[in-house]
Structures are given as structure tokens and as C-alpha cells.
Amino acid sequence: MNVKGRDFLTLKDFSPQEIRGFLDLAAVLKAKKKAGERMDVLRGKNVVLIFEKTSTRTRCSFEVAAHDLGMGTTYLDPSGSQIGKKESIADTAQVLASMFEGIEYRGFGQSIVEELARYADVPVWNGLTNEYHPTQILADMLTIRECLGDERGKKLVYMGDARYNMGNSLMIGCAKLGLHFVACAPEGYFPGEELRRECLAWAEESGGSILFTSNPEEAMKDADIVYTDVWVSMGEPEAVWEERIRVLSPYRVTMDLMRMAKPGAIFLHCLPAFHDCETGIGREIYEKYGLKEMEVTDEVFKSSYSRVFEEAENRMHTIKAVMAATLGVEEALCTTTK
Ligand code: CP
Ligand code: NVA
């Protein structure tokens, strides 16, 4: 894999070999970290982390990964920069690229991170946009490998609102890597037609497939991986909760649903998840709609099907692999000693 200098904006831009290269590198870096080996080959370098939306996993992953690699980080929070308000994306990109070796961006439209990348002559990494969440997919695929072996030929069922960043990105990742992707959602909640066509072509090459269905029983047959995400994403208006609860409740991941999957199947969720009333929003929804759990039941979330915390840890190892490979130190890392 030689991806030195490349941006990481969506998995659409990477070949199956390159995506597997990121996963292989992440597995090496994870083993090194567990063995207590140093990997600070990027000493003296710095990266900037722009977050126009909030985050726990992605921010911590970039910060810890950067520190492990020896780099400094600067965090720009949703209110702490001039971006878009007083300074254009193009100007911001050129300023940041003159000070930092890489730029992470989490925010709204994909067009923003693309514009940043166009004007910055250092790698730009997508930490989530409305349309895509590519670093999450690497963590998901690494977790699938660890739990189930080779990802090729596995069936991944995405339950819920499949039109947004997670549905889109999982469909791309599965199509590129040869998994069978099923979106199980109400009519109108599937990924867009153009993206589906692109993914069908990749699936044909990789031996994967794509199915859209509104029937959970059909979807769950022989499922290896069951995946869901929140019903209302960051940046969406509060007013959509009522409609989402009404149309998506039949697609909640329950124990009855999990029992329809293949024996040994696993449950994944990008997190954060609404599986109880232990959150501010969870409590508000309970008071307003009487619902204690949303996209997944607490029982499934805490069951032996659930591998969500391994998946969350893998965010850090995979993000480290993305930074290391695009900053050109993959080889150095694979040969460093204790
Ligand atoms: N999965 C994920 O991106 O989590 P954060 O929003 O906490 O970064
Ligand atoms: N679809 C969710 C994913 C969070 C990781 C969101 O955009 O809020």
C-alpha cells in the first residue's frame, strides 16, 4: 500500500487492497501498543483536529493515536475557530496546511471536507460528515475480522435509517471488501440510487452483494453482523424524533431479532447508542414518548452478541493506521523495535 500524501475523505476513493492495507496496518499497530512498543516515529510533527460537531470516540482516537505516533495535536471545537463564519474554507485550509502535517475535519456537508482537501497540501482526514463516516468503517471491519475471521462473504445487516453517514459508508465498505450488505429499513430510508449503483459495481468485482428490504425476517436470515445507529443524527432538527420513532420502531434490534441471525452472529453499533434512560436525550424521549430504548434494546446492547466496546477501541488503532499511512511512515512502523 502506498497512500502517502493522500486524503482520507470516503472509502469510495480507495481500492479493496488499500482498505485491507489500512486494516493490516491497524492490526500491527494494535499488537505493538498491547506489547508496550514505542511507535513515535512522527516526533516533531503536528496535526489539527477540527470538530464542528461533538465527539467522544473520534476526538480521543485522533488525540491518542497522534500522541502515540509522537505528534502534537491542536483541537478546534465547534465554537473555537473562524471556519466558515469569518474565514472561508479555502483560506482556512491554506493557513492550517502551513502549520500542520495533517488536518482532521468533523462537520456537516461532505463538500466542506472536500473543499478543505482541495486547498490544503497536506492529508485531510474525514472524522464524519452528514454523508460519510469512513474511519468508523475501518474500525468495524477490524472488529469483524477479530470476531469472525476474514470479512469476505460475511453478511452484514444494517437496521434503521440507512440514508445517512453510517448506512452509506457501510454499504461502500461492504461492497469494496466483498461482504453481503443488507439495508433493512422502511421505504424511503435507503441509501440514494446513485451511490447504490456505484456500490453494485464494486460488489460485482469483490463478490459481495447489496439488498434493500423492509422485512426484518428476510434481512436477518444467515446474518453474521447486525448493525444499527441512532435514529436522529447530529445536526438534525429535534422535530424529526416523532416521525423517526413511529417509522423506525419496527426496526429496533431486539433479542428476538438477534435470534433470527446465524449462530455466532455479532451486534455492532458505531456509538453513542440510546439503549436506556441514562442520557439526557434518553430521559427526554422517555418523558415525551414513554420509550426506554430506541434503536437497540438494553438487553442486546449488554448481551454476548454485543462487541461494541471492542469496536470503539478499534477506532483508535484504525485512525492511527490512517494517519501513519497517509503521512508515509507505514514502513518505518513495521520495522521499529522495542
Ligand atoms: N462513533 C463515533 O464517531 O463516535 P463519536 O461521535 O463519539 O466520535
Ligand atoms: N449517524 C450518527 C453517527 C454518529 C457516530 C451521527 O451522524 O450523529
Side-chain angles (χ1 to χ4, degrees), residues 8-11 26 47 49-66 73 75-78 104-113 125-144 158-173 183 185 189-192 195 225 227-241 244-245 248 251-253 267-275 278-282 285 294-296 301 306-320 322-323:
F8 188 83
L9 306 181
T10 154
L11 290 183
V47 295
L49 313 176
I50 308 169
F51 281 81
E52 298 207 279
K53 288 177 178 171
T54 53
S55 166
T56 297
R57 276 147 292 273
T58 310
R59 176 185 174 182
C60 294
S61 296
F62 271 98
E63 290 204 7
V64 172
T73 55
Y75 171 68
L76 294 178
D77 77 9
E104 180 276 352
Y105 174 85
R106 164 173 287 199
F108 296 89
Q110 180 72 8
S111 60
I112 302 173
V113 76
W125 307 297
N126 179 356
L128 177 146
T129 58
N130 294 347
E131 291 89 341
Y132 305 114
H133 195 5
T135 61
Q136 178 70 50
I137 306 309
L138 295 183
D140 301 340
M141 291 297 173
L142 183 61
T143 312
I144 291 168
Y158 180 87
M159 299 289 299
D161 186 352
R163 299 168 299 181
Y164 219 68
N165 41 29
M166 285 311 306
N168 289 342
S169 293
L170 282 165
M171 181 166 75
I172 297 166
Y189 283 71
F190 295 113
L195 183 61
I225 304 116
Y227 204 115
T228 192
D229 181 18
V230 291
W231 290 342
V232 177
S233 285
M234 289 182 279
E236 292 198 283
E238 224 176 278
V240 300
W241 271 112
R244 297 287 165 80
I245 288 172
L248 294 172
Y251 299 90
R252 172 178 301 121
V253 180
F267 169 74
L268 297 180
H269 189 310
C270 52
L271 304 184
F274 291 122
H275 58 93
E278 299 299 317
T279 63
I281 293 178
I285 296 292
M294 283 185 266
E295 71 275 7
V296 56
F301 191 85
S306 179
R307 310 305 284 261
V308 296
F309 296 115
E310 288 114 297
E311 182 187 10
E313 179 192 329
N314 282 338
R315 296 298 309 286
M316 200 280 286
H317 304 296
T318 45
I319 280 173
K320 192 186 284 173
V322 169
M323 287 198 286

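Ligands are counted one by one from 1 in listed order, and the atoms in each one are counted from 1 as well.
- The single protein non-hydrogen atom nearest to atom 4 (C) of ligand 2 is Leu128 CD1, 3.9 Å, given as residue, atom name and distance.
- Residue contact check: Leu271 has heavy atoms under 4.0 Å from atoms 5 (C) of ligand 2.
- Ligand 2 has a nitrogen or oxygen under 3.5 angstrom from a nitrogen or oxygen of Asp229.
- Looking at Arg106 next to ligand 2, no N or O pair under 3.5 Å apart turns up.
- A cation-pi arrangement is absent between Arg307 and Phe267, since the terminal nitrogen or guanidinium carbon is not both under 6.0 Å from the aromatic centre and inside a 45° cone about the axis.
- At a 4.0 Å cut-off, not a single heavy atom of Leu128 sits close enough to ligand 1 to count as contact.
- At the shortest separation from atom 4 (O) of ligand 1 among protein heavy atoms lies Arg57 NE, 2.8 Å.
- Formation of a donor-acceptor pair under 3.5 Å by the Arg106 side chain with backbone atoms of Gly127 is found in this model.
- Taking a cut-off of under 4.0 Å to the non-hydrogen atoms of Arg106, the atoms of ligand 1 that pass are 2 (C), 3 (O), 5 (P), 6 (O), 8 (O).
- The backbone N or O of Ala26 lies less than 3.5 Å from no partner atom in the side chain of Thr318, so there is not a single donor-acceptor pair.
- The protein atom (non-hydrogen) at minimum distance from atom 2 (C) of ligand 1 is Arg315 NH1, 3.2 Å.
- Taking all atoms of both residues into account, the shortest heavy-atom contact from Leu11 to Gly173 is CD1-CA, 4.1 Å.
- For ligand 2, one of its N or O atoms has an N or O atom of Met234 under 3.5 Å away.
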field: Stepwise side-chain contact (heavy atoms from CB on, under 4.5 Å) check, His269 with Glu295
entry: CA-CA 10 Å; His269 189 310; Glu295 71 275 7; 2.8 Å; yes
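- A donor-acceptor pair is defined here as one N or O able to donate and one able to accept, closer than 3.5 Å; such a pair exists between the side chain of Glu104 and the backbone of Ile50.
- For ligand 1 and Thr56, the ligand atoms under 4.0 Å from any heavy atom of the residue are 5 (P), 7 (O), 8 (O).
- Between Lys53 and ligand 1 there is no heavy-atom distance shorter than 4.0 Å.
- Using a distance-only test at 3.5 Å, with no hydrogens or angles considered, no donor-acceptor pair links the side chain of Asn165 to the main chain of Tyr132.
- Put simply, CG on Leu128 and NZ on Lys53 are 5.5 Å apart, with the number rounded to the nearest 0.5 Å.
- Checked against a 3.5 angstrom limit, the closest N/O atoms of Arg59 and ligand 1 fall outside it.
- Below 4.0 Å from some heavy atom of Leu271 lie the following atoms of ligand 1, by number and element: 1 (N), 2 (C), 4 (O).
- Remark: side-chain polar atoms of Ser169 are not paired, donor with acceptor, to backbone N or O of Met166 under 3.5 angstrom.
- Within a 6.0 Å radius of CD1 in Ile281, other residues, nucleotides and ligands contribute 12 heavy atoms or fewer.
- Shown in contact with Cys270 at under 4.0 Å from a heavy atom are these atoms of ligand 1, numbered in order with element: 1 (N).
- Among all non-hydrogen protein atoms, the one lying nearest atom 7 (O) of ligand 2 is Asn165 ND2, 2.9 Å.
- Not close to ligand 2: Asn130, with no non-hydrogen atom less than 4.0 angstrom away.
- Checked by atom type and distance alone, the side chain of Glu311 never pairs as donor or acceptor with a backbone atom of Ile144 at under 3.5 Å.
- For ligand 2, the polar-atom distance check against Ser233 finds a nitrogen or oxygen pair separated by under 3.5 Å.
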